[in-house]
Amino acid sequence: MMNAAIYIRLSEEDRDKVSKGDDSESITNQRNMLVDYATERGWDIFDIYSDEDYSGSDGTRPAFNRMLADARQRKFGVVLCKSLSRFARDVAMVEKYINGLFIEWQIRFISLTDYADSSQKGSRKNIQINSLVNQWYLEDLSENIRATMTGKKKQGQYTGAFAPYGYLKDPQDKHKLIIDPEAAAVVQRIYKLYLDGYGNKAIANCLNDEGVPCPSKYRQINGIKSNRSDEAADVLLWSDHTVWHILRNPNYTGTLVQNRYGKATYKSKTSKERTPDDWIVVENTHELIVSKEDYERVQTAKATRGLHNRNASTSRAVSNIFAGIIKCKVCGRSLITSGSGRLNKSTKYLRCAGRKSGIAKCTCAMVKYDVLVDELTERIRNIITLYCDPEQLAKHAHSRDFSGEIAALQRAKDKIVFELKRVSDALSSSYIDKTSGALSENDFALISANLRDKREKLEADDKHIQAQLDKLHEKQNAGDRVANIIAQYQDFLELDRDIVRAFIEVIRVGERDGETNEFGLEIVYNF
């Protein structure tokens, strides 16, 4: 008896749903076809993994990744798909799993409609050819969609998923923008405040203080579809970035400017801003909210004030050796670097990103960058001094022998593996008894349910023991690892990012004490 995993997928373009939330006809057909195939061969179906509205090149598919995690643990011996394209339309993904890891994991791959079976001689070449054809199809489809969208943009049709704040999509024509009076008034006020001398953060603070809903919160309140609907409305606030984005959006002038952002290829996950030469501009496609004169005045003011520019050259970027490691103890956001203003540009600070942008009412301390560098330099040198003492180094490297605990856990794990095999054999036997008539449907359902529950508990126990083993092995090797780090950096002259990452897992900065002026500094080391 073999455990089989069934994987089914439907993408947005070939979806055929009766109503939202229902399984599509195609998904149902795939499931029925694959279940029948497995049943005819007497295979036990371990699980059915189903992804809807995901592309075959998308590596983030939730059910797909759950299936791969189970495959890595050898929970089944065969993967069934209707076709190779349902599994993946990407050559690299097919090679990595079907012609790579599946073989290592001793998992057989079968796709019915294109007769692919990794257990058959010569099948690998057929799978490679089919996956290449599938990738070509995806590339052609991407090009066709891009050409169609470009044509719509050149005709002055709005193609964005969501209307810019201040506008709504016309119910009669989703490719046309109409004014949302309430939001449009806020946009006009933002432009006026900026021209009156207010900065991005000052404007955000003003709107937050007055209780004006930010764009995401406004859309939630009014039931307008957006990509931020999963966040709680009460935590959404105006930020300097939101204001900055509104102040540089030329669509408010009644001119439709599209194609400003794009992906390098259909495989890319992030969009980058294109040069103005690649923008598609069509005049007078919708009613304006801001005059062209005011818009240009704002752009001129932004340039002369030297305010934040996402496209600033890397030479102006402020380096931060703590990036990705230093966090706020109050709200959990990262601390980012910033200058101290025009009068003292040489001083650099670390500030909570939420507090700096105005998006969070955070009380995290603002810390001088050089002060933190000096503090951590001293602490790391103290650690090195401690470990460079031969007696201390030997003590930390060989302070405890974990071999006995590891051996005991390994015996427990081996016992679980043996029990899992017995449960699997019992499931197979009960299935054979049911098909032969020696066991009734009701008895089979009861027995198989009990066995599956037992298997689930054993698998959970196995996972827990494996986690304990991993920790003990890590502790067993910690002494050598620390000694290597110390040897590498014991004579360092200046703290840099490599040293910080070698010694420190995370740095947390808390509130500053009003009386002592001290701030809560918490450091979690890697050893």
Side-chain angles (χ1 to χ4, degrees), residues 3 5 46-47 49 59-77 79 93 96-98 100-107 322-327 332 334 379-380 383-384 386-387 392-424 452-489 497-508 522-527:
N3 276 352
F46 175 78
D47 203 350
Y49 305 84
T60 67
R61 289 172 273 164
F64 181 77
N65 282 298
R66 185 167 61 86
M67 177 186 68
L68 293 177
D70 289 343
R72 190 182 298 273
Q73 297 181 36
R74 320 295 203 275
K75 292 184 177 181
F76 44 78
V79 172
M93 199 176 294
K96 178 179 180 180
Y97 293 108
I98 297 177
L101 290 173
F102 279 11
I103 296 173
E104 179 183 327
W105 298 337
Q106 296 182 330
I107 291 175
F322 308 116
I325 298 173
I326 189 163
K327 303 290 181 182
S334 295
R379 294 196 185 195
I380 290 174
I383 292 173
I384 291 174
L386 171 69
Y387 274 90
Q392 290 290 338
L393 184 58
K395 177 182 175 182
H396 285 275
H398 307 290
S399 58
R400 185 175 173 188
D401 182 10
F402 296 96
S403 57
E405 293 175 63
I406 290 173
L409 284 173
Q410 188 60 55
R411 286 194 296 272
K413 182 178 174 65
D414 292 342
K415 185 177 179 181
I416 288 174
V417 171
F418 177 75
E419 287 297 319
L420 278 170
K421 185 178 185 307
R422 287 184 59 187
V423 170
S424 180
R452 287 178 190 277
D453 288 343
K454 186 174 182 180
R455 181 175 67 182
E456 187 174 328
K457 183 180 183 306
L458 287 168
E459 287 171 346
D461 290 344
D462 182 61
K463 186 176 181 181
H464 177 67
I465 289 176
Q466 185 60 54
Q468 290 180 293
L469 278 170
D470 291 342
K471 287 182 180 178
L472 287 177
H473 283 301
E474 185 177 347
K475 289 179 180 179
Q476 189 87 311
N477 298 324
D480 292 338
R481 183 171 61 84
V482 173
N484 289 335
I485 292 174
I486 298 299
Q488 183 177 358
Y489 296 113
R497 182 164 179 79
D498 289 339
I499 298 172
V500 171
R501 293 192 72 88
F503 282 83
I504 297 173
E505 179 181 337
V506 66
I507 304 165
R508 297 189 181 94
E522 177 186 326
I523 301 174
V524 179
Y525 295 97
N526 285 324
F527 44 82

J.: I'd like to check Tyr489 versus Asp498 (side-chain heavy atoms, cut-off strictly below 4.5 Å). Are they in contact?
T.: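 Yes, close enough: below the 4.5 Å cut-off.
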J.: Ignoring hydrogens, what is the shortest heavy-atom contact between Leu409 and Ile465? Give both atom names and the distance.
T.: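 Closest pair (atom of Leu409, atom of Ile465, distance): O-CG2, 3.6 Å.
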J.: Closest approach of Asn65 and Thr60, non-hydrogen atoms and distance?
T.: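 Looks like ND2-C, 3.4 Å.
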J.: Looking at Phe503 and Ile486, what are the two nearest heavy atoms and their distance?
T.: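 For Phe503 and Ile486, the tightest heavy-atom pair comes out as CE2-CD1, 3.9 Å.
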J.: If you round to the nearest 0.5 Å, how far is NZ of Lys75 from CD1 of Ile107?
T.: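 Nearest 0.5 Å value for the CD1-NZ distance: 11.5 Å.
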J.: Who pairs with Arg61 by side-chain hydrogen bond (donor to acceptor under 3.5 Å, both in side chains), at least two apart in sequence or on another chain?
T.: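 side-chain hydrogen bond (donor to acceptor under 3.5 Å, both in side chains) list for Arg61, sorted by chain: Tyr7.
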J.: Taking only residues two or more places apart in sequence or in another chain, which ones pass side chain to side chain contact (heavy atoms under 4.5 Å, CB included) with Asp461?
T.: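 Here the qualifying residues are Ile416, Lys457.
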J.: Do Leu469 and Gln410 have side chains that get closer than 4.5 Å, going by heavy atoms?
T.: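 Touching, per the 4.5 Å side-chain cut-off.
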J.: Does any N or O in the side chain of Asp462 come within less than 3.5 Å of the main-chain N or O of Val417, such that one atom is a donor and the other an acceptor?
T.: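 Here the side-chain-to-backbone pair does not exist.
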J.: Say you draw a straight line from CD1 of Ile485 to CD1 of Ile380; how long is it, rounded to the nearest 0.5 Å?
T.: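 Answer rounded to 0.5 Å: 10.5 Å.
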J.: Just jot down the side-chain hydrogen bond (donor to acceptor under 3.5 Å, both in side chains) partners of Asp47, sequence neighbours excluded, or say none.
T.: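 Asp47 satisfies side-chain hydrogen bond (donor to acceptor under 3.5 Å, both in side chains) with Arg66 once adjacent residues are dropped.
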J.: How far apart are the closest heavy atoms of Ala323 and Arg501, and which atoms are they?
T.: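 Closest pair (atom of Ala323, atom of Arg501, distance): O-NH1, 4.3 Å.
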J.: Can you tell me how far apart CD (Glu405) and CD (Gln468) are? Round to the nearest 0.5 Å.
T.: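 Between atom CD of Glu405 and atom CD of Gln468 there are 9.5 Å.
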J.: State whether a side-chain donor-acceptor pair under 3.5 Å links Asp470 with Gln466.
T.: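 Checked: Asp470/Gln466 side chains pair up, N/O donor to acceptor below 3.5 Å.
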J.: Looking at Arg497, I want to see if its CZ is surrounded by more than 12 non-hydrogen atoms of other residues, nucleotides or ligands under 6.0 Å.
T.: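 Counting neighbours around CZ of Arg497, more than 12 heavy atoms of other residues, nucleotides or ligands fall under 6.0 Å, so yes.
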J.: side-chain hydrogen bond (donor to acceptor under 3.5 Å, both in side chains) with Tyr49: which residues, sequence neighbours excluded?
T.: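 So Tyr49 forms a side-chain hydrogen bond (donor to acceptor under 3.5 Å, both in side chains) with Asp70.
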J.: Going by the rule salt bridge (charged side-chain N to carboxylate O under 4.0 Å, His left out), which residues pair with Arg74 if we only count those two or more places apart in sequence or in a different chain?
T.: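 Result, salt bridge (charged side-chain N to carboxylate O under 4.0 Å, His left out) vs Arg74: none returned.
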J.: Hey, are the side chains of Tyr97 and Met67 touching, using non-hydrogen atoms and a 4.5 Å cut-off?
T.: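 They are not in contact (no side-chain heavy atoms under 4.5 Å apart), so the answer is no.
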J.: Within a radius of less than 6.0 Å around NZ of Lys413, do more than 12 heavy atoms belonging to other residues, nucleotides or ligands occur?
T.: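 Enclosed.
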J.: Would the number of heavy atoms belonging to other residues, nucleotides or ligands and lying under 6.0 Å from CZ of Phe418 be above 12?
T.: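 It does not: Phe418 CZ has 12 such atoms or fewer within range.
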J.: Find out whether Glu459 and Gln73 are in side-chain contact, i.e. whether some heavy atom of one side chain is under 4.5 Å from a heavy atom of the other.
T.: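 No, every pair of side-chain atoms sits at 4.5 Å or beyond.
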J.: What pair of heavy atoms forms the shortest contact from Val506 to Lys327, and how long is it?
T.: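 Of all heavy-atom pairs spanning Val506 and Lys327, the closest is CG2-CG, 3.9 Å.
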J.: Holding to side-chain hydrogen bond (donor to acceptor under 3.5 Å, both in side chains), I want the full list of residues that pass it with Glu522, two or more places apart in sequence or in another chain.
T.: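 So Glu522 forms a side-chain hydrogen bond (donor to acceptor under 3.5 Å, both in side chains) with Arg508.
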